[in-house]
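Below you'll find the structure, written out as structure tokens, and then a few comments.
Letters A, B, ... are given to chains in the order of the sequence lines, protein chains preceding strands, and every chain is numbered from 1.
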Amino acid sequence: MSKRAIALRVNGERVEALAEERRTLADFLREELELTGTKLGCEHGACGACTVTLDGVAVRSCLLLAVQAEGREVETIEGVGGEDGGLDRVQRALMEHHGLQCGFCTPGYVMSIRAFLAETPNPTDAEIRDAMTGNLCRCTGYQGIFEAIRSLAGEARS
Amino acid sequence: VSANGELRAGGRWLGRSARRVEDPRLVSGEARYVADLTLPRMLHACFVRSTEAHARIVAIDVAAAEALPGVHRVFVGEDLAAIAPLVDPMPFETLLKTPQPVLARERVRFVGEAVAVVVADDLYLAEDGAELVAVDYEPLPPVVDALAAMEPDAPLLFEQHGTNVMYREADAFGDVDAAFAEAAHTFSIRLHTNRCAASPMEARGAIAEHQAREGRMTVWSSTQNPHSVRAGVAAALGMSDHQVRVVVPEVGGAFGQKLSPYAEEIVIPWLARELGRPVKWIEDRRENLLAATQSKEQVVDAEAAVAADGKLLGMRARYVGDSGGYSFNATCGVLVEPQVAARLMPSVYTLENYAYEVDGVLTNKTPIGAYRGIGWTAGHTARELLFDMICRDLDLDPAEFRLRNMVAPEALPYRSCVGANYESGSFTESLQMVLDAVDYPAFRERQRALRDAGRYIGIGLSPWVEPTGYGSRIGAEMGLPGPSHDSARMSIGLSGKVTLITGFVSHGQGHETTFAQAAAEAVGVPLEDVIVLQGDTDATPFGMGTHASRGAVVGAGMISRAGEKLREKVLAIGATMLEASPADMVIEDGRVHVRGVPDSGIGLAELSQAVHFGGVTAEDGGDDPTLATSAFYDPGGTYSNGCVAVLVEVDVGTGVVRFDDVVVVEDCGTMLNPMIVEGQIAGAIAQGIGAAVLEHAAYDENGQPLATSYMDYLLPSSTDVPPIRVLHIETPSPNTIHGVKGMGESGMIATPAAVCNAILDALAPFEPGVPELPLSPDNVLRLIDT
């Protein structure tokens, strides 16, 4: 399979790699860069488990090719954390409000919620529900996830 | 712990909403699921799956696939012919067996059945290879409907049996004919429940590595039941079970779908041995919707005999389970749907006269397996819909009808007509609490007023009882006899911390938290001083898996027993060291001391050092001073209960249902961790809402599945699940340690009925008939038109 040299930034670090042209960004991150925190739940853009940010915008890495990230800034769950190397406020809120059970969808939620709150720091309940339609959770019935986001609404960005 | 019920929660750790120990690794992406694991020289497998619902395999041409660079080998059914076909293990004499080769040979019986497997350097190449495998099928007539499959001229899936009915059973209790003869009214319903997919966000997957020189096999699998996978792999590969090690990494949800060893979990280790290299298989979503077990499809014919005053006199019911292409190699095979539905039909009601027939029927669809609430959902839904039909017809209030026919508080403990022993509970109380929470009289007034204004709101009430805590006793009561138990090992290390080792594995339930709570409580150490080890058959005691709402009951019980033994050891040794009587000693916060004199105590680290290196033993000179214990637990029968109310508004122009309120009262006895209980309840209710209005693993008349992606198989999303109010009653079980009752499935058992009845109640002015499920907008509109 033909490969192409790409250069991008991932979690703040410059990455140069030979990427197979057909390889998805998700597989590139998981397999070439060994960043396995990004999950694959459906591989057809419905479940949001593979959500990462591309230049700050939440995207589904299963629907992008690695070569499309050429020259872009990618952030994955591995790039998220507090300044002290701990957890960021979204991660802490999900824990505090029991917004996860099996945890498989959670990295995707963390990425989606961070991007959402960056754009909409003080969302209404309806906005929260609408914004989260791109991520599926089969365990929680969403209650704890909503609570977690609600608890962050109006807080200054960390 | 010598007798049941001696220990009660309300302790220092049990009953607290402790934050989950496992969460930091999950929220940070550090947790490793099977797909995240890589081994040196690992190859990747992709299964070629049948495109036909029913066909003979004439030929399989693998040449083009094997010629593809990067593809190592392609294997077909004949290559694995030495592996005995899988059969369900249920010891029922009348249950016919449906041997299933791990890769199909000669015949396929459902779309998605694995017919070949391609092994390549990476997954992309394996998928390329799978595309090139050419399978020549000779189609056979498919049978897609369970009732049609019972017809005398129906195509047969297993000719040797002469029938597609793999299991047939009938039983009767009381005098059913007399009940129907004396009834003022009789009613009947035929409900065809929709086939669902458990659909955990992580699909299935396995990696295997053969250690040829050690004669061992290691399998990493996303499973609920590692010891069962170990037994399955060992048997299939001609190994003994101690030669097989099954490791369960993080599991991304299961809900019953990952309960039993699958054909793929046997093929992968076989490949690893055959090729001498590790082999990995990660199921994709389409495969999961095609080939992992489905559930909940039955045709239930239920009849009720009712007296003039609304007293339920008797019921008859027939349950036809649409079981798919094989009585799956699952815990219960074709029994998992209709048999369990039949046994739980009396539920919370004083039903004395009841007769049932059960048919487990094969069809050319994906095999049926366990999914949260198993066949109870279908039976419960049929009964509750029938009850509301009765109420609409006789102009009875659905709440009053249920209360009138419910087992009263003073009647508990109560033995149902089929022999289920409800040991304690809050049947009427939980219904009343739900009615209060929704202000039922005010709702009915609002409903009348809105109807006059052309708006349609409705309420569905769905009280449940759930057999839980699966030990041997409850299995026998529920018509699935067989042993069910687990064991815990516990020790205190040199640092004075507790290690708990369990055969259970968690797949979202938070065992590392609740099990640690139980251990901390029993031993007397802080929660953070307990580590829970699970998910490795080399290291853990034999376990029967996390399913059937058994983890809390069996887990907390076995841990309490082991912890109590450990505590007694520590007290005896502490008494030696402090020159006191063991009877005067206590352990608090990880220190052993004379009661009331904490300052004089010693820490468990110091005590452990003294035991291991100082020759210190208990005063009575026990010859085993080591700080390790184990304990076994097979609990008594226990039933949790509760009630869910769903309030909806139906747009009669579009058929769209809006959820106005969902209130649930649950009573699982003593709660280990209320936060986790509420999470389980909310998750199960969301799945119940999905089953009621969204989810349908539908097939066309040729047996082609119509829902093979999340575009067609609709999981409830954030805008589909309303706020859920969870209320609690705690009625401890007298039959279990700590009074714990199991929980987790009830939301999925009871919610579909509540949702359907709420919609039917809203549409009462249109005199709705029996719904087609799920109640998608189309099917809602059909209720209005007819």
Judged by atom type as modelled, is there a donor-acceptor pair below 3.5 Å linking the side chain of Tyr33(B) to the main-chain atoms of Phe104(A)?
yes
Check each atom of Asp122(B) against the heavy atoms of chain A and say whether the ones under 4.5 Å are side chain, backbone, both or neither.
side chain
Please determine whether the number of non-hydrogen atoms from other residues, nucleotides or ligands lying under 6.0 Å from atom CZ of Arg286(B) exceeds 12.
no
Side chain, backbone, both or neither: which part of Asp130(A) has a heavy atom under 4.5 Å from chain B?
both
Using a cut-off of under 4.5 Å on heavy-atom pairs, state which of Asn135(A), Ile145(A), Leu100(A) scores highest against chain B.
Leu100(A)
Any heavy-atom pair between the side chains of Ile77(A) and Ser28(B) that's under 4.5 Å?
no
Quick one: does Gln101(A)'s side chain have a donor or acceptor within less than 3.5 Å of a partner on Gly679(B)'s backbone?
yes
Taking Glu202(B) for its side chain and Cys105(A) for its backbone only, find out whether a donor-acceptor pair lies under 3.5 Å.
no
Hey, which of Glu78(A), Glu34(A), Glu31(A), Lys39(A) has the most heavy atom pairs under 4.5 Å with chain B?
Lys39(A)
Can you tell me how far apart CG (Leu123(B)) and CG (Asp27(A)) are? Round to the nearest 0.5 Å.
7.5 Å
Of the backbone (N, CA, C, O) and the side chain (C-beta and beyond), which part of Phe146(A) lies under 4.5 Å from a heavy atom of chain B, both, or neither?
side chain
May I ask you to decide if Ala35(B)'s main-chain N or O and Arg30(A)'s side chain share a donor-acceptor pair within less than 3.5 Å?
yes
Heaviest contributor of heavy-atom pairs below 4.5 Å to chain A, chosen from Ala31(B), Gly683(B), Gly747(B), Pro200(B), is Gly683(B)
Identify the heavy atoms of Ala686(B) and Gly141(A) that sit nearest to each other, and give their distance.
CB-CA, 3.5 Å
Answer yes or no: is there a donor N or O on one side and an acceptor on the other, between the side chain of Tyr142(A) and the main chain of Pro716(B), under 3.5 Å?
yes
Least distance between heavy atoms, Tyr124(B) atom then Arg22(A) atom:
CB-NH2, 3.2 Å
Taking atom CD of Glu119(A) as the centre, report whether more than 12 heavy atoms of other residues, nucleotides or ligands fall under 6.0 Å from it.
no
At a heavy-atom separation under 4.5 Å, does Leu125(B) approach chain A through its side chain, its backbone, both, or neither?
both
Report yes if some heavy atom in the side chain of Met95(A) is under 4.5 Å from a heavy atom in the side chain of Pro24(B); otherwise report no.
yes
Of all the heavy-atom pairs spanning Gly252(B) and Cys102(A), show the shortest one and how long it is.
C-SG, 3.3 Å
Under 4.5 Å to a heavy atom of chain B? For Thr106(A) that would be side chain
State whether the number of non-hydrogen atoms from other residues, nucleotides or ligands found under 6.0 Å of Glu70(A) atom CD is greater than 12.
yes
CZ (Arg4(A)) with more than 12 external heavy atoms under 6.0 Å:
no
Which answer fits Thr140(A), side chain, backbone, both or neither, if we ask what part of it has an atom under 4.5 Å from a heavy atom of chain B?
backbone
Proximal component of Asp128(B), with respect to chain A [non-hydrogen, under 4.5 Å]
side chain
Toward chain A, the part of Ile685(B) with a non-hydrogen atom under 4.5 Å
neither
What one should report as the nearest heavy-atom pair of His44(A) and Ser709(B) is NE2-CB, 3.6 Å
When rounded to the nearest 0.5 Å, the distance separating CZ of Arg138(A) from CD of Gln687(B) is 4.5 Å
Atom NE2 of His97(A) and atom CE of Met675(B): how far apart are they, to the nearest 0.5 Å?
11.0 Å
Can you measure from CG (Leu715(B)) to SG (Cys42(A)) and round to the nearest 0.5 angstrom?
9.5 Å
Is it the side chain or the backbone of Glu22(B) that comes within 4.5 Å of chain A heavy atoms, both, or neither?
neither
Give, for atom CD of Glu678(B) and atom NE2 of His98(A), the distance between the pair rounded to the nearest 0.5 Å.
9.0 Å
With heavy-atom distances below 4.5 Å as the criterion, would you say the side chains of Gln143(A) and Val721(B) are in contact?
yes
Distance in Å, Thr719(B) OG1 paired with Ile128(A) CD1, rounded so as to fall on 0.5 Å steps:
13.5 Å
Considering all heavy atoms, the nearest Ser718(B)-Arg129(A) contact:
OG-O, 2.7 Å
With a 4.5 angstrom heavy-atom cut-off, is it the side chain or the backbone of Glu20(A) that approaches chain B, or both, or neither?
side chain
So which atom in Cys139(A) and which in Phe255(B) form the shortest heavy-atom distance, rounded to 0.1 Å?
SG-CZ, 3.7 Å
Taking side chain as everything from C-beta outward and backbone as N, CA, C, O, which of these in Ile689(B) sits under 4.5 Å from a heavy atom of chain A? Side chain, backbone, both or neither.
neither
Against chain A, work out which of Gly253(B), Ala203(B), Ala682(B), Ala254(B) has the most heavy-atom pairs shorter than 4.5 Å and name it.
Ala682(B)
Can you tell which part of Ala198(B) gets under 4.5 Å to a heavy atom of chain A, answering side chain, backbone, both or neither?
backbone
